[in-house]
Amino acid sequence: MHKTPEPPIDSRRRLRPHGIAFGGDYNPEQWPEEVWAEDVALMKEAGVSMVTAGIFSWAKVEPRPGEYDFAWFDRVMDNLAGVGVAVCLATMTASPPPWLSRLHPEILPETADGRRMWPGGRQHYCPSSAVYRRYAARLVERLATRYADHPALEMWHIGNEYGCHTPQCWCDESAADFRRWLSDRYGDVEALNDAWSTAFWAQHYDSFDEVLPPRLAPTFPNPAQQLDFARFSDDALLRCYLTEKEVLRRITPDVPVTTNFIGVHKPVDAFRWAAEEDVVSVDVYQDPHDEDTQAAAGFIFDVSRSARSGQPWMLMEQAPSAVNWRERNGPKQPGRMRLWSWQAVAQGADAVLYFQWRQSRGGAEKYHSAMVPHGGTDTRIFREVSELGRELASVPQIAGSRSTAEVALVLDWNSWWALELDSHPSTALNQMDLVLAHYRPLLDAGIPCDVVPPDRDLSGYRMVVVPNLYLLKERDAERLTGFVRGGGRLLVSFFSGIVDGCDRVHLGGYPAPLREVLGLRVEEFWPLAEAETVEVRHLDGSVGRADLWSEAVVPEGAAVVAEFGAGPLAGQPAVTRHSFGEGHAWYVATRLAPQAMRALIDDVCRTADVGPVLPGLPEHVQATVREGDGGRFVFLLNHGRDEVEVGLPGPMTDLLARGGAPADRVTLPGAGVAVLTEA
Ligand code: GAL
């Protein structure tokens, strides 16, 4: 069961920024001190209210083991306090200093094939390393003690992007830690043998001492072992975070803590981690070369909003323009950075921050854009950044407001880990692609959606979408069944409800725990070849295509909505609908082409009586609503290139068009944004 998030700490910090926080990663150690005065002056000019500082400062504040030099960082903090910029202070533990790995080479991580990862980059520590955690905690203790009462301290930024480069480690210390973790989980080794199905291929263990992490093996390592290793590795990272959090809570109990997720990242279960944070924060790097990048970003934003049940969250990092780490790094076209920043706010963010403040002169990220580019302030990027800073500062009343949704989309990290294991009917199933294929039609239709783990209470929703939830516990299947029985509308896609928490097939006909609610069984999986497509005939007369997967569905009460048109499954169900209790459950046995998927989602929404935020939205326009003490705000975002007109239900004022009169239509240029309130 996921922990229910604790209520956020009500911070009493002096500098707490009012409104939407704006700023970025501040890495002053990369620059001579003369530059720092200009930094804070420019921060004021750009409307910066918060920076996150110290992320990579360990080697400079602790140049030798146990010898600290905080004097320079005191000046950084004082400078920021002097101009009223709040600091989300990093615990500085993301990149251990060279002396630490020299003194303790055993902290260096190892890959599955036994290669050591050396220092020279960053995040070169084994998540299970007790030595790393000890040195990290010692630094955090010093840091927290020193800055506990500093007026600039607003919140703590623990580590940085846990699991970004080293999500898992296969070294001997990790192996020992994995064995301890398994022994806590299973108690005795026979329970582990049962959970891991070790009767297969003579893998039976006589003691925990024989167990290893899934290192490079001649063929498929045991799937349940791989799954447990994913859980264990997530736990090992979380323990690093919690070790630091525990120190911070003891010394600064009233300062909120966060850590920045890397989007929706497979190694780190954001739902579990969010319960251990006071506020969720996330880094999102849209790809300007991808025409559809707002959908993937929108999904991450909705996960961030949902992870602490709707509490406003922080966009901790985004690029002002290009990044440096894709093969081809396109800049953000004029207006797109503003649009995508507003998209985050529209989906619940109360902070818009960037990586990073000043573009590095040297090092691996010197071609990554920054708020202050190499070219200085007379640049498009600095102008766009500063304009956005001013614009966000002009609408402080948005902060704290929240959104509601009648639709929930189910995402489960355990199932994600299991779905993408090897030795499956098809290894072409990618959880994020599959999830986005369900999310995008909702976004396009203007229908707000929460993203929830399968053990979240569903009673507040009218409709639940379950994309390819391969691993499903009986009790979570019962929750879905109960949701439909009570009148809910449920959409489930293929290869859901297939295995239990140990990757063992639920016997009794696929998908055994969902058969009753779906009114069918699946007799055989029939994955498609690469680039193969199948015809799907809808009983309403429309014909479309599908790819990736098909399967032999035998209805047991479900009505056929569409069938396969040709090939070995011709005439057999491709989409079904089952009336069950007071509700209805749909099942999709293939990957429908986007248009057909949109039509199906629209149909389920209609039956669920779920509608868009604004009816009749033009194509490419996203609409969301946030509501709070400051009012009710309707956000309109034009992701298209062309100007569009949007009709409104009544006269509304656009808060961003200063001095604009109330109107019942609004014109949005390509990449345009409006934040409307009722007149
Ligand atoms: C993030 C990281 C930052 C910076 C940024 C570049 O992953 O937290 O430190 O590297 O990416 O896009």
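Keep in mind that what you see is a predicted model, and the values were worked out from it rather than measured. Read the numbers this way: they start at 1 and go in the same order the structure lists the ligands and their atoms. Heavy atoms only: backbone and side chains are in, while hydrogens, waters and symmetry mates are out.
The aromatic rings of Trp99 and Trp58 sit perpendicular to each other, their planes meeting at more than 60°, with 30° as the lower class boundary.
Between the side chain of His265 and the main chain of Gly163, a donor-acceptor pair closer than 3.5 Å is present. Using modelled atom types, no side-chain atom of Arg626 and backbone atom of Gln347 make a donor-acceptor pair closer than 3.5 Å.
Here His104 and Tyr135 bring their ring centres to under 6.0 angstrom of each other. Under the 6.0 Å cut-off for aromatic ring centres, Phe232 and Phe229 qualify, their centroids lying closer than that. For Tyr285 and Trp340, the ring centers sit 6.0 Å or farther from each other.
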With the criterion set at N/O pairs under 3.5 Å, what does the list of contacts between the protein and ligand 1 look like, atom names and distances included?
{"from": "ligand 1", "atom 1": "7 (O)", "to": "Glu161", "atom 2": "OE1", "distance (Å)": "2.3"}
{"from": "ligand 1", "atom 1": "7 (O)", "to": "Glu161", "atom 2": "OE2", "distance (Å)": "3.0"}
{"from": "ligand 1", "atom 1": "8 (O)", "to": "Asn160", "atom 2": "ND2", "distance (Å)": "2.8"}
{"from": "ligand 1", "atom 1": "8 (O)", "to": "Glu161", "atom 2": "OE1", "distance (Å)": "3.3"}
{"from": "ligand 1", "atom 1": "8 (O)", "to": "Glu317", "atom 2": "OE1", "distance (Å)": "3.2"}
{"from": "ligand 1", "atom 1": "8 (O)", "to": "Glu317", "atom 2": "OE2", "distance (Å)": "2.8"}
{"from": "ligand 1", "atom 1": "9 (O)", "to": "Arg122", "atom 2": "NH1", "distance (Å)": "3.0"}
{"from": "ligand 1", "atom 1": "10 (O)", "to": "Arg122", "atom 2": "NH1", "distance (Å)": "3.2"}
{"from": "ligand 1", "atom 1": "10 (O)", "to": "Arg122", "atom 2": "NH2", "distance (Å)": "2.9"}
{"from": "ligand 1", "atom 1": "10 (O)", "to": "Glu365", "atom 2": "OE1", "distance (Å)": "3.3"}
{"from": "ligand 1", "atom 1": "10 (O)", "to": "Glu365", "atom 2": "OE2", "distance (Å)": "2.4"}
{"from": "ligand 1", "atom 1": "12 (O)", "to": "Tyr285", "atom 2": "OH", "distance (Å)": "3.4"}
{"from": "ligand 1", "atom 1": "12 (O)", "to": "Trp325", "atom 2": "NE1", "distance (Å)": "2.8"}
{"from": "ligand 1", "atom 1": "12 (O)", "to": "His368", "atom 2": "NE2", "distance (Å)": "2.7"}

